[in-house]
J.: 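To start, I am sharing the structure in question, which I have written as structure tokens.
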Amino acid sequence: MLDIKFIKENKEIVEAAIKNKNREVNLDELLTLSEQRKTLKQEIDDLNKKRNDAARARDIEAGTQLKREADILETEFAEVDKKFIAMMAKVPNIPSIDTPIAPDESGNKVIRQWGTIPEFNFKAVEHDELGRHLGIIDTDTAGVVSGSRFAYIKGDLALLQFALIQFCLNVLTNKEKLEEIAKKANLDINVSSFVPIIPPVFIKPAVQNRMARYMTPEEHYMFPNDDLMLIGSAEHTLGPIYMDKIIEEKDLPIRMLGYSTAFRREAGSHGKDTKGIIRQHQFDKLEMEVFSIPENSMQEQDFLVAIQEYVIQQLNIPYQVLLICTGDMGFPDYRQIDIEMWMPGQSNYRETHSADLTTSFQSRRLNTRVRRADGKIEPVHMNDATLVAIGRMLVAIIENYQNEDGSVRIPEVLQPYMGGKKVIVKQ
RNA sequence: GGAUGGAUGGCUGAGUGGUCUAAAGCAACAGUCUUGAAAACUGUCACCUGGGCAACUGGGUCGUGAGUUCGAAUCUCACUCCAUCCGCCA
């Protein structure tokens with residue numbers, strides 16, 4: 001949610017943001033509602049003053065009359081307020097100055113590429129074929145037991161998942177390593193180790209709503225009997241940790257690393273990525289979440305991207321970094337940076353990471369604030385970013401590390417976490 | 001699932017219809033004293049929102065939402081969460 005004052009004072013900027021993000025909101029109507037709301041509130045306040053005076057004076061007759069008047073005004077206010085809130089929720093965050101303006105993903109800008117695209121002297125195959133051959137991915141049985149877009153991850157691939165997690169935890173809790181990463185990225189920030197968190201995977205819909213993500217119930221698994229839903233990302237339950245709280249400036253930044261399963265209905269993606277485990281209803285993910293003071297939030301995002309890149313470089317897989325354009329970026333995002341990793345089986349880069357800087361857009365709705373050193377209170381800035389979407393990372397690893405005989409080498413940095421094993425062979 | 005108790009500011013906690021404009025303590029911050037610190041003393045110290053350059057001032061907030069009343073932290077109803085016990089359970 002944006003600040004109504006900001007909207008009032010920067011109508012053109014907000015209008016452009018709505019247009020560039022392919023949304024529709026009538027700002028004039030919104031501003032009119034805001035004025036109506038304010039006027040009504042003022043009238044109610046004045047009336048309440050009189051009511052308080054009457055109550056103190058024990059003037060029962062005047063009080064009765066004033067109460068009747070107040071009831072009418074309050075009903076009117078409730079209606080206007082409801083419309084106002086609903087409309088405010090439709091206004092997206094404004095994009096950063098460096099965000100490319102374009103209607104769809106074709107406007108995303110590649111800002112850097114890393115690694116050399118591997119040349120195979122045989123025909124590289126896709127992960128589902130490799131996985132089936134090696135007996136480490138079983139979507140057929142999962143299809144029978146649970147339906148499409150589910151899989152059994154087995155044997156060495158299951159071990160590889162835990163190796164990845166362990167490797168990442170070691171990096172993100174190692175302050176010296178993180179300092180190195182920040183320094184290499186030319187970032188002037190106060191580095192601290194991330195707090196590892198295993199968050200709940202269920203969330204109350206009302207809280208999810210306050211994360212100000214523009215989402216439909218079709219995207220999530222809902223449990224109306226229990227007033228709960230499954231999260232689509234650890235971010236959903238990490239973000240509200242400081243809901244309705246004031247954080248002291250000296251305690252920022254707060255950097256968290258969540259590990260959880262993510263659940264997605266993929267309602268709108270029929271026929272897309274139906275093979276293998278690229279697009280699943282259920283996958284595990286390491287997710288970073290950072291709360292910071294406003295003036296540092298862009299650097300924090302750059303830091304998160306630098307960490308993402310470090311991990312991929314350690315795995316030695318080619319990737320490209322994209323600045324996402326207005327038409328493709330998230331509703332609450334001020335700046336979105338994605339990473340696409342090279343998938344030899346598809347001869348294509350595929351999206352594996354996303355880093356969202358939402359500035360104060362989510363925190364305003366969550367009511368998470370910072371008390372600055374000078375005592376002023378303002379919304380904190382929030383960043384969230386994928387560290388590893390494990391399913392897709394496993395895909396990238398086995399496709400990039402495949403051999404002609406269908407076996408798969410294990411990336412060097414992960415070998416210590418796999419008991420020294422170097423190759424996955426048919427099981 | 002059953003039973004009982006509870007939710008008040010950063011924390012502890014008093015408050016059972018109108019002097020609550022929420023006691024007191026702790027913590028924090030500032031000052032005095034001190035070479036410095038501690039202690040002591042003095043002061044400040046919740047949040048949202050309207051008006052005002054400001055001093056200041058109006059309204060709202062005692063888990064959430066509705067209700068009763070001229071008047072609600074206090075009474076009623078619903079909900080959420082927490083604690084303890086019983087049952088079940090990894």
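Numbers restart at 1 for each chain; the letters A, B, ... are given by sequence-line order, proteins then strands.
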J.: Quick one: is Arg371(A) getting a side-chain N or O under 4.0 Å of the C47(B) phosphate, OP1 or OP2?
T.: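 Answer is yes, contact under 4.0 Å.
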J.: C70(B) phosphate, OP1 or OP2: any side-chain N/O from Lys50(A) under 4.0 angstrom?
T.: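 No, because none of the side-chain N or O atoms of Lys50(A) sits under 4.0 Å from OP1 or OP2 of C70(B).
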J.: Tell me, please, which residues at least two apart from Gln280(A) pass side chain to side chain donor-acceptor pair (under 3.5 Å).
T.: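 Residues passing side chain to side chain donor-acceptor pair (under 3.5 Å) with Gln280(A): none at all.
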J.: Tell which nucleotide pairs with U34(B), taking only Watson-Crick or G-U wobble pairs whose two distances are both under 3.5 angstrom.
T.: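 Per the H-bond distance test, none.
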J.: Considering Watson-Crick and G-U wobble pairs with both distances under 3.5 Å, what does G63(B) pair with?
T.: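 WC or wobble partner is C79(B).
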J.: Indicate whether any N or O donor in one side chain lies under 3.5 Å from an N or O acceptor in the other, for Gln36(A) and Thr39(A).
T.: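 No.
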J.: Given 3.5 Å as the limit, does a donor-acceptor pair link the side chain of His236(A) with the main chain of Gly232(A), or not?
T.: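 Yes, His236(A) side chain to Gly232(A) backbone: donor-acceptor pair under 3.5 Å.
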J.: Scan every strand shown for a Watson-Crick or G-U wobble partner of U69(B), both distances under 3.5 Å, and answer none if you come up empty.
T.: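 Paired with no nucleotide.
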J.: Is it the case that Asp188(A) and Gln299(A) place a side-chain donor and acceptor less than 3.5 Å from each other?
T.: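 Distance-only check fails for Asp188(A) and Gln299(A).
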J.: Considering heavy-atom distances to RNA chain B, does Asp59(A) or Arg56(A) have its closest nucleotide positioned more toward the 5' end?
T.: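 On the 5' side of the pair lies Arg56(A).
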J.: Nearest to the side chain of Lys41(A), heavy atoms from C-beta on, is which of C48(B), G18(B), G59(B)?
T.: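 For Lys41(A), the side-chain atoms sit closest to G59(B).
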J.: Watson-Crick or G-U wobble partner for A28(B), using a 3.5 Å limit on both distances?
T.: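 With both distances under 3.5 Å, A28(B) matches U44(B).
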J.: Using a distance-only test with no angle check, is there a side-chain donor-acceptor pair under 3.5 angstrom linking Lys285(A) and Ser260(A)?
T.: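 The criterion, which ignores hydrogens and geometry beyond distance, is not satisfied for Ser260(A) and Lys285(A).
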J.: Relative to the ring of Phe303(A), is the ring of Phe194(A) parallel (under 30°), tilted (30 to 60°) or perpendicular (over 60°)?
T.: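 If you compare the ring of Phe194(A) with that of Phe303(A), the planes turn out tilted.
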J.: Between residues 240-253 of chain A and RNA chain B, which residues have a heavy-atom gap below 4.0 Å?
T.: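 Listed by number, they are Ile246(A).
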J.: Go nucleotide by nucleotide along RNA chain B from the 5' end; which of Asn367(A) and Asp46(A) gets its closest nucleotide reached first?
T.: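 The residue whose closest nucleotide sits nearer the 5' end is Asn367(A).
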J.: What about the rings of Phe202(A) and Phe223(A), do their centers lie closer together than 6.0 Å?
T.: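 Aromatic pair counts; centres sit under 6.0 Å.
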J.: With a 3.5 Å cut-off and heavy atoms only, can you find an N or O donor on one side and an acceptor on the other between the side chain of Asp45(A) and the base of G50(B)?
T.: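 Answer is no: no donor-acceptor pair is held.
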J.: If you check the Arg58(A) side chain, which of U80(B), G18(B), C47(B) turns out closest?
T.: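 Nucleotide nearest to Arg58(A)'s side chain: G18(B).
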J.: Tell me whether the count of non-hydrogen atoms from other residues, nucleotides or ligands lying under 6.0 Å of CZ in Phe283(A) goes above 12.
T.: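 Enclosed.
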J.: For RNA chain B, find the residues of residues 61-71 of chain A with a heavy-atom distance under 4.0 Å and give them by number; none if there aren't any.
T.: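 Under 4.0 Å from RNA chain B: Gly63(A), Thr64(A), Lys67(A).
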J.: Base, sugar-phosphate, or nothing for Asn52(A), non-hydrogen atoms under 4.0 angstrom?
T.: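 If one applies the 4.0 Å heavy-atom cut-off, Asn52(A) turns out to touch the sugar-phosphate alone, with no base involved.
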J.: For Glu309(A) and Tyr319(A), does a side-chain donor sit closer than 3.5 Å to a side-chain acceptor?
T.: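 Side chains of Glu309(A) and Tyr319(A): pair found under 3.5 Å.
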J.: Expressed as a whole number of angstroms, how long is the span from Arg51(A):CZ to U69(B):P?
T.: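 From Arg51(A) CZ to U69(B) P: 11 Å.
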